[in-house]
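Each chain gets a letter, A, B and so on, in the order its sequence line appears, and its residues count up from 1. Side chains are part of it too, since the values below use all heavy atoms of this structure and drop only hydrogens, waters and symmetry mates.
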Protein chains: 2
Amino acid sequence: MTVPPGRRERKKAATRQKIADTALRLFLERGYDAVGIRDVAAEADVAVTTLFSHFASKEALVFEQDDDFEQRLTQAVTDRAPDEPLIPALRREIQSLVRHCTADGATPIWRMIDESPALREYEESMRLRHAESLAKAIAADPDLSQTTTASRTIARFVIDAYSLAREAPDPDAALDEIFRMIEAAWAVTCPSGNFTGTVGQ
Amino acid sequence: MTVPPGRRERKKAATRQKIADTALRLFLERGYDAVGIRDVAAEADVAVTTLFSHFASKEALVFEQDDDFEQRLTQAVTDRAPDEPLIPALRREIQSLVRHCTADGATPIWRMIDESPALREYEESMRLRHAESLAKAIAADPDLSQTTTASRTIARFVIDAYSLAREAPDPDAALDEIFRMIEAAWAVTCPSGNFTGTVGQ
DNA sequence: TCCAAAAAGCTAACGGTTAGTGTTACGGTC
DNA sequence: GACCGTAACACTAACCGTTAGCTTTTTGGA
């Protein structure tokens with residue numbers, strides 16, 4: 001990731017990428033359910049066990065950038081300007097992520113996800129993981145003196161915003177509406193009557 | 001359910017119950033992962049296919065009262081007193097459900113669930129289903145003129161409250177805190193500056 | 001009494017996943 | 001430059017949840 005990290009790691013990354021690319025291609029060509037793990041492994045020219053040493057499950061092949069997502073969220077909290085309030089920072093990040101998901105190129109993938117119960121379920125549990133990471137980041141911020149419950153609650157609400165906006169007919173408008181609600185929820189948790197911007201519009 | 005509904009349905013219900021009881025007993029005795037579907041079927045003295053005609057999956061054996069939960073939630077919306085505000089009604093119901101889950105007799109079951117990734121994942125997707133039912137019930141209430149987005153958002157928040165409170169060290173206190181946030185979020189969605197009770201404490 | 005249908009059963013398989021066991025290729029060390 | 005420990009990969013064979021296909025039993029009503 002940083003510099004040439006040795007041939008071994010480059011080869012490993014290449015293998016991983018080849019598997020992910022092959023899988024996504026086959027899934028989109030023939031449908032997620034119609035493609036077996038053995039098909040993916042054969043087409044990527046690796047053994048099934050190798051595939052599973054790179055990806056924990058069939059579903060994980062589709063959500064390859066899971067970790068990026070998680071990092072971006074926590075960094076939106078930890079790397080924000082020293083005086084920037086929490087919620088608008090999160091809002092910017094969520095908006096960017098939603099736009100990324102609803103971009104034209106991504107629609108076939110999300111259509112596939114929406115059609116597969118297994119993929120939907122996997123995504124849901126991914127979101128919960130992300131919410132927990134986010135909660136940890138919020139709780140760790142010394143500028144915000146929140147209870148554990150408040151941190152976890154806001155984290156869930158923010159992830160909900162992502163999930164709801166992604167599915168909404170007008171994602172931007174939905175995000176507006178939901179974040180107005182989140183602002184209000186956040187405001188009542190601040191011991192000192194902190195303002196965080198526009199609450200009631 | 002209503003009156004003696006015929007022998008056939010009674011027998012069917014009995015079979016279902018016997019399977020569920022057997023499964024839960026075995027799971028608690030030996031651990032969820034250590035018990036196979038074939039074990040449950042054999043112990044309940046039914047065929048594997050019969051088991052699957054009553055329960056859609058192994059995980060569903062554990063969440064037998066799924067439907068009750070869903071009904072209680074939607075009825076908390078539809079059956080509330082004509083002038084009772086939405087959020088307190090939901091709060092009462094959630095509190096009752098949380099207490100039910102955190103009662104002494106239920107702890108081994110929830111410990112088992114928390115320890116099994118498969119069960120956690122299943123519960124998460126169950127919650128999403130419940131949130132969607134709840135959203136529908138809220139959207140259908142003529143006394144509340146909400147947007148689709150606001151209904152779905154509040155529904156998610158309420159389900160989050162259940163999930164977070166259930167895991168909190170002090171569920172009642174957590175529920176207080178979270179519902180204060182939900183009240184605030186709800187308040188900003190009301191076109192007419194509706195009050196719904198105590199917002200800022 | 002008999003029939004249609006629901007419920008339950010049996011067998012055999014499919015597909016994701018893992019354990020067990022080697023084999024190869026690489027990176028650091030002498 | 002040879003050497004060794006280890007990480008990556010491969011192969012086989014199985015486990016386990018789940019389903020399809022088909023038969024048998026039970027039940028409610030004609």
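- Contact check on A:Asp45 versus A:Lys18 returns no salt bridge, with no Lys/Arg side-chain nitrogen under 4.0 Å from an Asp/Glu carboxylate oxygen.
- For A:Tyr162 and A:Phe69, the ring centers are positioned less than 6.0 Å apart.
- For A:Lys58 and A:Tyr32, the positive end sits near the middle of the six-membered ring, less than 6.0 Å away and at most 45° from its axis.
- Checked options A:Ile113, A:Asp114, A:Ile109; the residue passing with A:Leu119 is A:Ile113 (criterion: side chain to side chain contact (heavy atoms under 4.5 Å, CB included)).
- As a whole-Å value, the separation of B:Leu51 CG from C:dA7 P is 16 Å.
- The closest donor-acceptor contact from the side chain of A:Thr50 to the backbone of A:Val46 lies at 3.5 Å or more, if one exists at all.
- As a whole-Å value, the separation of A:Ile37 CD1 from C:dT17 C1' is 9 Å.
- A salt bridge links A:Asp172 with A:Arg99: the closest approach of a Lys/Arg side-chain nitrogen to an acidic carboxylate oxygen falls below 4.0 angstrom.
- Side-chain nitrogen and oxygen atoms of B:Thr50 include none within less than 4.0 Å of the OP1 or OP2 phosphate oxygen of C:dA7.
- Taking atom CG on A:Asp33 and atom C1' on C:dG15, their separation rounds to 11 Å, with Å as the unit.
- Summary of the strand contacts: B:Arg16 and B:Arg38 both lie near DNA chain C, and taking for each the nucleotide with the nearest heavy atom, the more 5' one is attributed to B:Arg16.
- Counting 5' to 3', DNA chain D first comes under 4.0 angstrom of a heavy atom of chain A and last does so at the ends given by D:dG5 to D:dA14.
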